[in-house]
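Here is the structure we will look at, set down as structure tokens.
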Amino acid sequence: MAVAALGASLWLPPQEFSSFPLWIDRRRGPCFPRIRALAARKNANAAVSSPSVMLVSDLDFTMVDHKDQTHSSLLDFASLWEAEYSRDCHLVFSSGRSPEKYLDLRRQVPLLTPDTIICSVGTEIRYGPSMTPDNGWEEHLDEGWNREIIVEEAKKIATLHFQEDSEQRPHKVSFKVEKKDAEEIIRRFSKKFKELKLDAKLIYSGGIDLDVLPQRAGKGEALAYLMKKANSEGWAKERVLVCGDSGNDVELFTVKGVNGVIVGNAFDELVKWYSSQSSKDHIHFASNRCAGGIIEALKFFDMGPALPPRERPGGNSNGAASPRREIVDFYIFFDKWVKGDIPNTDEAFQRLTSVIAEDARMVYPWGEELNLLQSLAVVRGQHGAFQGKELRTWVDSIQEQELAPGVYLATWQSWEQPSGENRKGYYATAVFKDKKGAPNGVEWLRVHQTPQKQK
Ligand code: GLC
Ligand code: MG
């Protein structure tokens, strides 16, 4: 019998699993039906108070620190968000990347699945895991926009280099421009646009990228549109936190009613803009880099919990039942156990076994159903098996629903990613029930985990 925890080759499948029947994947489309969080919103368990925040973050060098291959602060953010914020909050990524390049990044680093993704510097808005485009937004951007003229004018400037094709979008023309040439090129372009009465704006980011967009586009305009939509559709959040590091993020900080964080590693152009502002109480200049700065801002603006779950191994300890927190903590425990980050003692292992009902069962990815407590004995023997190895594990898209008083159904996705490889995912479903004195107020009754089709 081969049973194991999570972690790349941790789901040690028996031989026959390698030829698991194809129908497992084929019959499920890309949209695994989710339990809507709506039902959980009115959770009878009033003891868990949940923040109401729309968090809008840039990706490169804001959410994602490309200089940290362990992605530790990004993983901290992911677990904090899933455990404490995801129930009633809305996560938005707002990136300069095209949808295609966003998906590349998603394969490479431990990113959560956002509720909304705004791509191509506020020119494309997409919703949900299926990334359904907001066609209304793009129609709105058509007005007064003439892409061809901009391309023609650009071809006349020798120092201007077009970016790769994937980054040339219907409402975005992008170039690489050396810092020393930037001012002159922007001046020249602006003059030309005025002469031609063209409705375009120029944005310089990261000391190298120049984007030309419709005047109506940009990260700020797109966010204002999304907030208006949230208001009219009744899902607006109490607080909005915007997060950025470079020139194309400036607009985010100017949207009415938001708080903002400039991450500690921000580029000159954003720092200069910040210094030139007279009214900036709504902005926090973080001392930490990237996602570390975002967590710092959640605390600074008192938006909700700001201690990453990895740093509170005893659970949230306020006695409230929270399957969401339990799922996050359980996976962090596995991760620490196989990496040898916690001592190999009965006492430490008890954190795991103490929250599993005696008759709890688990259906493993290779199609075997076992008593969960008994099968976890194998995990005990895997202490330190991944010591020193770069393996990232995280959970995403947790949904929970109280089916009857004190009984909860939860679904989520879990991800594993050895360094340098693409992420591999599982869909999971579990049933929990209240348990007084447990670290997160619940115990596990049943789990079912199925590998996700590789995309
Ligand atoms: C991303 C995009 C690029 C854009 C830059 C700044 O890197 O891929 O096209 O110019 O962001 O907005
Ligand atoms: Mg950035």
Side-chain angles (χ1 to χ4, degrees), residues 55-68 71 73-74 77 92-109 111 114 117-126 141 147 150-151 154 159-179 181-182 185-186 189 200-214 217-223 241-253 260-274 283 285-286 288-294 297:
L55 190 141
V56 184
S57 180
D58 168 54
L59 291 173
D60 295 288
F61 288 109
T62 301
M63 192 54 94
V64 180
D65 190 346
H66 294 284
K67 292 195 172 150
D68 174 17
H71 293 290
S73 57
L74 181 54
F77 172 80
V92 183
F93 291 155
S94 182
S95 172
R97 290 179 179 245
S98 59
E100 192 183 326
K101 277 194 85 182
Y102 154 66
L103 289 172
D104 282 348
L105 182 67
R106 180 182 153 88
R107 276 186 280 272
Q108 295 153 9
V109 302
L111 281 173
I117 163 103
I118 300 174
C119 288
S120 312
V121 200
T123 63
E124 298 175 61
I125 304 177
R126 299 185 170 209
L141 299 186
R147 198 177 190 285
I150 291 161
V151 172
T159 43
L160 210 48
H161 304 284
F162 280 85
Q163 288 182 12
E164 61 204 286
D165 287 352
S166 73
E167 303 312 283
Q168 310 299 341
R169 309 294 298 170
H171 299 99
K172 169 175 171 282
V173 191
S174 295
F175 310 93
K176 292 278 180 207
V177 179
E178 292 297 327
K179 220 170 172 180
D181 303 323
I185 287 187
I186 291 171
F189 249 148
K201 68 164 108 169
L202 293 147
I203 301 176
Y204 192 59
S205 304
I208 185 75
D209 295 315
L210 180 67
D211 300 311
V212 186
L213 318 172
K219 289 188 177 188
E221 301 285 347
L223 174 58
L241 178 66
V242 303
C243 321
D245 76 305
S246 84
N248 67 11
D249 300 315
V250 164
E251 287 189 3
L252 287 176
F253 298 95
V261 54
I262 296 181
V263 290
N265 51 293
F267 279 97
D268 275 3
E269 69 253 358
L270 183 58
V271 178
K272 274 195 191 132
W273 173 83
Y274 176 74
I283 302 173
F285 202 122
N288 287 298
R289 293 177 60 84
C290 302
I294 300 175

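Heavy atoms only: backbone and side chains are in, while hydrogens, waters and symmetry mates are out. First listed ligand is number 1; within each ligand, the first listed atom is number 1.
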Would you mind writing out a table of all protein N or O atoms found under 3.5 Å from any N or O atom of ligand 1, naming both atoms and giving the distance to 0.1 Å?
from     : atom 1 : to   : atom 2 : distance (Å)
ligand 1 : 8 (O)  : E167 : OE1    : 2.6
ligand 1 : 9 (O)  : Q163 : OE1    : 2.5
ligand 1 : 9 (O)  : K172 : NZ     : 2.7
ligand 1 : 10 (O) : Q163 : NE2    : 2.9
ligand 1 : 10 (O) : D211 : OD1    : 2.6
ligand 1 : 10 (O) : D211 : OD2    : 3.4
ligand 1 : 12 (O) : D211 : OD2    : 2.6
ligand 1 : 12 (O) : N248 : ND2    : 2.7

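- In this structure, K176 places its NZ atom where more than 12 heavy-atom neighbours from other residues, nucleotides or ligands lie under 6.0 Å away.
- Across all non-hydrogen atoms, the minimal contact from I186 to L202 is O-CD1, 3.8 Å.
- A salt bridge between R289 and D68 is absent, with no side-chain N of the basic residue lying under 4.0 Å from a carboxylate O of the acidic one.
- Nearest heavy-atom pair, G122 versus A217, reported as atom, atom and distance to 0.1 Å: O-CB, 4.0 Å.
- Closest approach of N265 to F61, counting heavy atoms only: ND2-O, 2.9 Å.
- Of all heavy-atom pairs spanning E178 and I208, the tightest one is OE2-CD1, 4.2 Å.
- R147 pairs by the salt bridge (Lys or Arg N to Asp or Glu O under 4.0 Å) definition with nothing, not counting sequence neighbours.
- When the ring-ring contact (aromatic ring centres under 6.0 Å, His included) test is applied to F77, the partners found at least two apart in sequence or on another chain are W81.
- Distances under 2.8 Å from the Mg ion (ligand 2) pick out the protein N/O/S atoms D58 OD2, D60 O, D245 OD1.
- Between F189 and F175, the ring-plane angle classifies as tilted under the 30° and 60° cut-offs.
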